[in-house]
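Any value given below was found using the heavy atoms of this structure, including those in side chains, with hydrogens, waters and symmetry copies removed. Convention: sequence-line order gives letters A, B, ...; per-chain numbering from 1.
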Amino acid sequence: MATPDQKSPNVLLQSLCCRILGRSEADVAQQFQYAVRVIGSNFAPTVERDEFLVAEKIKKELTRQRREADAALFSELHRKLHSQVSSYATLFAQALPRDAHSTPYYYARPQTLPLNYQERSAPSAQSSGSLGSSGISSIGVHTLNGPPPPPPSLLPGQSHPGPGTGDCLRQQLGARLAWTLTASQPSLQTTTSKGVPSATSRSVTRPRRDGDAGGAVEVTEAALVRDILYVFQGIDGRNIKMSSADNCYKVEGKANLNRSLRDTAMRLAELGWLHNKIRKYTDQRSLDRSFGLVGQSFCAALHQELKEYYRLLSVLHSQLQLEDDQGVNLGFESSLTLRRLLVWTYDPKIRLKTLAALVDHCQGRKGGELASAVHAYTKTGDPSMRSLVQHILSLVSHPVLSFLYRWIYDGELEDAHHEFFVASDPTVKTDRLWHDKYTLRTSMIPSFMTMGQCRKVLLIGKSINFLHQVCHDQTPPAKVIAVARSAEPLQDAADLFTDLENAFQGKIDAAYFETSKYLLDVLNRKYSLLDHMQAVRRYLLLGQGDFIRHLMDLLKPELARPATTLYQHNLTGILETAVRATNAQFDSPEILRRLDVRLLEVSPGDTGWDVFSLDYHVDGPIATVFTRECMSHYLRVFNFLWRAKRMEYILTDIRKGHMCNAKLLRNLPEFSGVLHHCHILASEMVHFIHQMQYYITFEVLECSWDELWNQVQQAQDLDHIIAAHEAFLGTVISRCLLDADSRALLNQLRAVFDQIIELQSTQDAICRAALEELQRRLQFEDKKQQREAEGQWGVTAAEEEQESQRVREFRESIPKMCSQLRILTHFYQGVVQQFLVLLTTSPDESLRFLSFRLDFNEHYRAREPRLRVSLGARGRRSSHT
Amino acid sequence: AASSEGSASEAPQTVSSLQTVASFLLEISRILNTGLDMETLSICVRLCEQGINPEALSSVIKELRKATEALKVEIHMFTHSE
């Protein structure tokens with residue numbers, strides 16, 4: 001066969017046929033005809049034109065057929081071919097890739113396109129001298145506009161008449177280059193050894209790039225997409241920048257965009273704005289040291305959400321990157337348009353909107369307030385928003401719940417940033433621990449906890465602290481430990497909002513119940529609170545009658561002295577005597593130890609009666625119930641009761657006096673009027689005091705005490721006991737006329753008491769006088785008898801005269817006594833009437849009933865016109881009478 | 001002129017490079033199971049360089065091969081029918 005060079009295609013074709021068919025030239029005529037016909041016809045390309053894709057396909061096919069070694073070999077050869085080819089393209093060294101896997105398209109990017117373009121013109125200029133310029137320029141023309149040139153069978157014809165072997169060689173090289181690079185660019189052979197990388201022609205197959213090659217002012221969608229991806233992260237893009245004046249993203253004015261692109265870009269830019277807002281908040285808060293745990297968990301939750309958002313952004317970015325790397329193989333359209341972004345970012349936009357709204361709402365809040373703010377946002381109908389906010393809420397409330405559990409189970413409060421709703425006052429000492437140390441910080445109460453729950457929580461922690469510090473009891477109740485171990489704040493935080501909070505309530509209730517029960521147990525067992533309460537009643541409220549009476553008996557001579565002469569130790573001694581002599585001795589020594597005498601402040605003119613008081617010492621946990629105010633109330637009540645008792649005592653004395661002297665004084669007939677008067681007055685007073693005592697003892701003390709006792713027995717926690725006790729004292733005080741409203745009544749009563757004392761002294765004086773008179777008369781009679789017995793005159797005239805003088809004087813003093821008594825009576829009755837009037841106008845029912853009892857036979861009513869005014873519908877007279 | 005000198009200086013290398021390239025091509029065609037030997041391959045390359053549509057060329061070659069097969073069968077039948 002002739003050398004294949006320099007043969008026409010027909011000749012070559014014929015030799016091909018010969019070779020394949022294995023026959024001589026003459027026999028292949030038929031096939032040759034057929035071949036010519038086929039080749040001459042217009043063949044539409046069905047095979048992929050992209051060399052890189054073809055190579056990839058081949059490799060894939062080889063690996064699929066499990067010929068990996070062959071695939072590797074193939075890529076190696078391919079690479080070598082490329083390198084062989086590229087060694088000729090020294091002018092284009094920087095543009096050509098060394099890596100077989102990157103495509104020739106790599107250097108055909110918009111940035112490098114002008115470069116290639118220029119360089120292409122250089123060799124074309126150089127080679128135009130040696131070769132037909134038409135060929136090259138025609139190449140140039142072909143590569144710049146439009147569709148790939150048809151297989152120009154004409155061109156080879158043009159280039160063939162080349163000079164000499166050197167050119168032949170060059171042609172061959174060119175031919176080799178052409179063949180390796182593309183099937184459709186045979187025209188490359190017309191160039192010099194510095195072949196034109198035909199890949200540049202590929203640029204024409206990408207119409208998209210046409211736009212880029214156009215003007216620099218117009219902003220394409222692709223550039224916008226890139227910008228938007230930056231804006232999503234809050235970074236200003238090339239065309240879209242943040243304008244702080246309007247607080248929004250704006251497209252730069254000079255870029256001419258069509259309206260729809262601009263609008264879509266603006267809509268997408270909103271996402272960037274939302275992102276910025278959230279980011280700003282979290283960044284600010286991370287610098288703020290006093291933000292507290294709740295706030296930090298909120299920021300962490302926001303961060304988590306932002307991370308998801310960033311993940312989406314990175315996916316979008318990688319999509320963009322991939323496109324840039326691969327070029328146009330995905331078709332004529334890029335897969336990232338503004339519309340696609342709009343659709344893909346719809347969900348994240350909703351999420352970010354919710355988060356931004358949350359951030360707005362939560363500005364400037366911290367602690368429990370922050371949790372409430374987030375909770376407010378769960379009340380929405382949109383299920384996705386609700387689940388998002390609930391998730392955030394569960395994270396945010398986790399610190400609150402852990403505070404809570406710590407507080408409930410251990411009584412510890414470590415709240416450096418004041419986020420919890422229980423506040424502790426460090427300045428308060430242990431004696432006021434229960435009342436003052438722990439308070440509710442209402443602003444920090446989260447809205448998902450009710451006030452009742454919070455109060456219970458406060459109580460539980462308070463009880464634990466109380467046990468530890470005041471009762472010195474370190475052992476927590478067993479059940480509480482068991483529950484504490486099973487508490488898991490994070491799980492509970494999530495459950496809290498899904499299971500209607502019943503389990504949570506149950507936990508709090510259980511802790512409350514256990515702790516309070518334990519506390520009451522300790523108080524009763526170790527500190528015998530109830531016993532002390534009863535003791536106070538017995539001694540301070542004069543419950544132990546025999547003891548009080550005996551005490552009064554013993555004290556009477558002492559207390560009659562002026563107050564300044566009294567000594568405490570004397571009185572204490574008397575107290576102890578009284579205790580030993582009565583049933584009080586059977587009380588526990590703990591109680592008796594606390595009983596004491598107290599001398600009140602002495603004002604001038606006081607007798608012992610005014611300054612004497614009993615006292616009951618309390619300390620430790622008991623002092624929480626019997627606080628200092630309580631004790632002072634008790635003392636006042638004691639004072640009152642003591643006074644009333646004294647009146648009773650006095651009247652008893654008067655009665656005694658009457659009974660003792662009645663017989664004797666029968667011998668003084670003129671005296672009987674006075675005596676009678678005395679009796680009447682005394683009876684009146686007795687009646688009065690009797691009724692008062694009845695009232696005090698039964699209606700006031702007994703009833704209130706009964707109520708108190710019931711409540712204390714049923715009490716579930718210490719607060720109940722304290723409240724019941726204070727209610728008890730309040731009732732007692734108001735009913736004993738000791739509170740501020742009843743001052744008038746109290747004064748009246750005091751006046752009555754004064755009258756009684758007055759009577760006592762008057763009566764004493766009268767009786768003394770009478771008795772003296774009687775004594776003298778008896779003496780006189782005795783003397784007379786004696787003298788007569790001696791045989792003398794019984795009485796001398798002078799003595800008789802003296803005697804009758806004295807008797808006359810006595811008889812004259814009687815009217816004085818009578819008038820004295822009468823004045824006293826009158827005064828007394830006036831006071832009582834006044835008292836009755838005040839009683840009937842008092843708001844307290846039992847006092848009004850007292851007035852009925854006092855005036856049962858309307859004795860006073862007859863005398864007092866004001867009492868005759870009819871009572872109103874409620875049995876109460878108006879106070880203006 | 002400079003370019004031609006450059007190409008001329010590269011000329012002694014090019015022959016060996018050409019042969020290397022040719023060997024590469026042969027290797028590749030072997031991997032791809034084209035069934036082309038060196039001569040046929042070089043004819044094909046030349047034809048393509050001269051502007052023949054390679055797809056058309058490959059279909060021609062396939063046809064020719066089919067014809068060869070048919071002929072072989074015919075001959076086989078012919079020789080064996082005797």
Taking side-chain hydrogen bond (donor to acceptor under 3.5 Å, both in side chains) as the definition, give me every residue that meets it alongside B/S29, ordered by chain and number, with sequence neighbours left out.
none

Taken to the nearest 0.5 Å, the spacing of A/E76 CD from B/E27 CD works out to 11.0 Å

Before you tell me yes or no, could you show the steps for A/I58 and B/I28 under side-chain contact (heavy atoms from CB on, under 4.5 Å), namely the whole-Å CA-CA distance, both residues' side-chain angles and the distance that decides it to 0.1 Å?
CA-CA 11 Å; A/I58 291 173; B/I28 289 178; over 6 Å; no

Euclidean distance, B/N33 CG relative to A/Q65 CD, rounded to 0.5 Å:
7.5 Å

Inter- and intrachain pairs under salt bridge (charged side-chain N to carboxylate O under 4.0 Å, His left out), touching residues 56-68 of chain B, at least two apart:
B/E63-B/K66

Can you list the steps and then say if A/L73 with B/R30 is a side-chain contact (heavy atoms from CB on, under 4.5 Å)?
CA-CA 11 Å; A/L73 191 55; B/R30 186 192 64 78; 3.9 Å; yes

By a 4.5 Å heavy-atom criterion (distance strictly below it), what part of B/I61 contacts chain A: side chain, backbone, both, or neither?
both

